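From a predicted model like this one, the values you see are computed outputs, not experimental measurements.
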Amino acid sequence: MNITQRQQITSRYRWAVLFATVLAFTMYAFALQSVPPLLKQFQAIFNIDAVTAGLLMSMVVIPGIILAIPAGILVGKYSFRKLGFLSTLTIGIGSLIIAVSSSFPGALLGRFIIGLGGGLLSVGAPSIIPQWFEHKEMGRAMSVFAVGMPAGTIAAFFTAPFLAQSFGWQSLFYVGALISTLSAIFFWSIMRDGPLKGYSNTKLSNVSQAITNREVLKASL
């Protein structure tokens, strides 16, 4: 590793990259968890039973199952800056479709589109961290990244009842669409490939190293 690479790694910019990644993933978590607090309202609005309403949660994770392997190939082949931007923007588009939907199939379509963006983001987002953080900081960086899902979930569960009661159920998804779009723009402006991209020494060689790494144990705790 040359001096320029070392300076890039130790610069504060790596934290800006991590923040942009966490923010994008938080927006996916927010979109993912926006439905559960409003399931009873959806049952009344679309005149469906609880089992059918549950499809709104299934539909958003199905694309992730389908896209897992292809997403990994795409991330390895193309810059995650483009894929991450498109993924986050897709989440915003899906949220907007739900907000303007007047039928249950329309809401399902919106959830499926959110799942497409979320599937790519879930695979690609962790891949950018080893490009910017050395082995000794990997646990700390991953622990920060892990905050995204609970933060988005908490935000959705806390804001959904208030927004639905004050401005209607659509307001939650309008807010999600707006914030996801802004997050996508921020992601595009910040994200860059890291100096450690393709640097093999940043990888853990086996499972025993992972479970005995103090930073990883801290992140797990």
Side-chain angles (χ1 to χ4, degrees), residues 19-67 71 81-125 147-191:
F19 177 75
T21 304
V22 172
L23 181 61
F25 195 67
T26 301
M27 292 305 100
Y28 168 56
F30 182 87
L32 175 67
Q33 302 294 359
S34 293
V35 164
L38 304 178
L39 273 179
K40 287 190 176 294
Q41 291 194 35
F42 282 126
Q43 292 179 50
I45 293 167
F46 297 122
N47 192 26
I48 54 178
D49 57 26
V51 175
T52 305
L55 289 175
L56 290 170
M57 288 305 295
S58 301
M59 191 60 66
V60 81
V61 296
I62 288 174
I65 299 173
I66 300 172
L67 286 175
R81 184 189 184 204
K82 296 178 181 178
L83 291 176
F85 169 76
L86 291 175
S87 298
T88 311
L89 191 62
T90 299
I91 293 169
I93 293 172
S95 297
L96 182 61
I97 290 175
I98 297 172
V100 300
S101 293
S102 58
S103 65
F104 184 67
L108 283 179
L109 174 62
R111 292 294 282 176
F112 183 80
I113 292 175
I114 289 174
L116 290 176
L120 286 171
L121 199 60
S122 297
V123 174
V147 170
M149 182 57 72
T153 300
I154 291 171
F157 272 73
F158 269 88
T159 58
F162 168 76
L163 290 175
Q165 185 175 5
S166 302
F167 306 103
W169 67 269
Q170 298 95 333
S171 61
L172 179 67
F173 299 96
Y174 280 122
V175 169
L178 175 61
I179 298 177
S180 293
T181 302
L182 293 176
S183 176
I185 296 172
F186 179 74
F187 185 93
W188 178 263
S189 65
I190 295 293
M191 186 57 57

Asks: What heavy-atom pair brings Ile185 and Phe85 nearest, and what distance separates the two atoms?
Replies: N-CE1, 4.2 Å
Asks: Any heavy-atom pair between the side chains of Gln33 and Phe157 that's under 4.5 Å?
Replies: yes
Asks: Verify, without hydrogens or angle tests, whether Ser171 (side chain) and Gly168 (backbone) share a donor-acceptor contact under 3.5 angstrom.
Replies: yes
Asks: To the nearest 0.5 Å, how far apart are CG in Leu86 and CD1 in Ile91?
Replies: 11.5 Å
Asks: Applying ring-ring contact (aromatic ring centres under 6.0 Å, His included), can you list everything that pairs with Phe187, at least two apart in sequence or on another chain?
Replies: Phe80
Asks: Could you check if a side-chain atom of Met149 sits within less than 4.5 angstrom of a side-chain atom of Leu32, using non-hydrogen atoms only?
Replies: yes
Asks: Side chains of Val35 and Leu39, heavy atoms from C-beta outward: is any pair under 4.5 Å?
Replies: yes
Asks: Any side-chain heavy atom of Phe25 sitting closer than 4.5 Å to one from Ser122?
Replies: yes
Asks: Run the side-chain contact (heavy atoms from CB on, under 4.5 Å) test on Val175 and Thr159 for me, step by step, so that the C-alpha distance in whole Å, both residues' side-chain angles and the decisive distance to 0.1 Å come before the verdict.
Replies: CA-CA 10 Å; Val175 169; Thr159 58; over 6 Å; no
Asks: Once rounded to the nearest 0.5 Å, what's the spacing between atom OG of Ser189 and atom CZ of Arg81?
Replies: 8.0 Å
Asks: Would you mind listing every side chain to side chain donor-acceptor pair (under 3.5 Å) that reaches into residues 36-65, with sequence neighbours excluded?
Replies: Asp49-Thr52
Asks: Please report the shortest heavy-atom distance between Leu89 and Ala184, naming the atom on each side.
Replies: N-CB, 3.8 Å
Asks: A quick test of your reading: do over 12 heavy atoms of other residues, nucleotides or ligands sit less than 6.0 Å from CZ of Phe167?
Replies: no
Asks: Between Thr26 and Val22, does a side-chain contact (heavy atoms from CB on, under 4.5 Å) hold up when you go through it step by step?
Replies: CA-CA 6 Å; Thr26 301; Val22 172; 3.9 Å; yes
Asks: Using every non-hydrogen atom in the two residues, find where Gly117 and Thr90 come nearest and quote the distance to one decimal.
Replies: N-CG2, 3.9 Å
Asks: Return yes if some donor-acceptor pair links the side-chain N/O of Ser183 with the main-chain N/O of Ile179 below 3.5 Å, else return no.
Replies: no
Asks: Considering non-hydrogen atoms only, spot the tightest contact between Pro161 and Ala156 and give its length.
Replies: CD-O, 4.5 Å
Asks: Enter the distance from Gln170:CD to Phe173:CZ here, rounded to the nearest 0.5 Å.
Replies: 9.0 Å
Asks: Roughly how far apart are Ile114 CD1 and Arg111 CZ, rounded to 0.5 Å?
Replies: 5.0 Å
Asks: Can you name the closest pair of heavy atoms from Ala177 and Ser95 and give their distance?
Replies: N-CB, 3.8 Å
Asks: Say you draw a straight line from CG of Leu38 to CD1 of Ile98; how long is it, rounded to the nearest 0.5 Å?
Replies: 10.5 Å
Asks: Roughly how far, to the nearest 0.5 Å, is the CZ atom of Phe19 from the CZ atom of Phe186?
Replies: 5.5 Å
Asks: Using the side-chain contact (heavy atoms from CB on, under 4.5 Å) rule, take Phe104 and Ile45 through it: C-alpha gap first, then chi angles, then the decisive distance, then the call.
Replies: CA-CA 9 Å; Phe104 184 67; Ile45 293 167; over 6 Å; no
Asks: Check Met59 against Leu108 and note the closest heavy-atom contact, atom names and distance.
Replies: CG-O, 3.5 Å
Asks: Is there a side-chain contact between Leu116 and Phe112 (heavy atoms, below 4.5 Å)?
Replies: yes
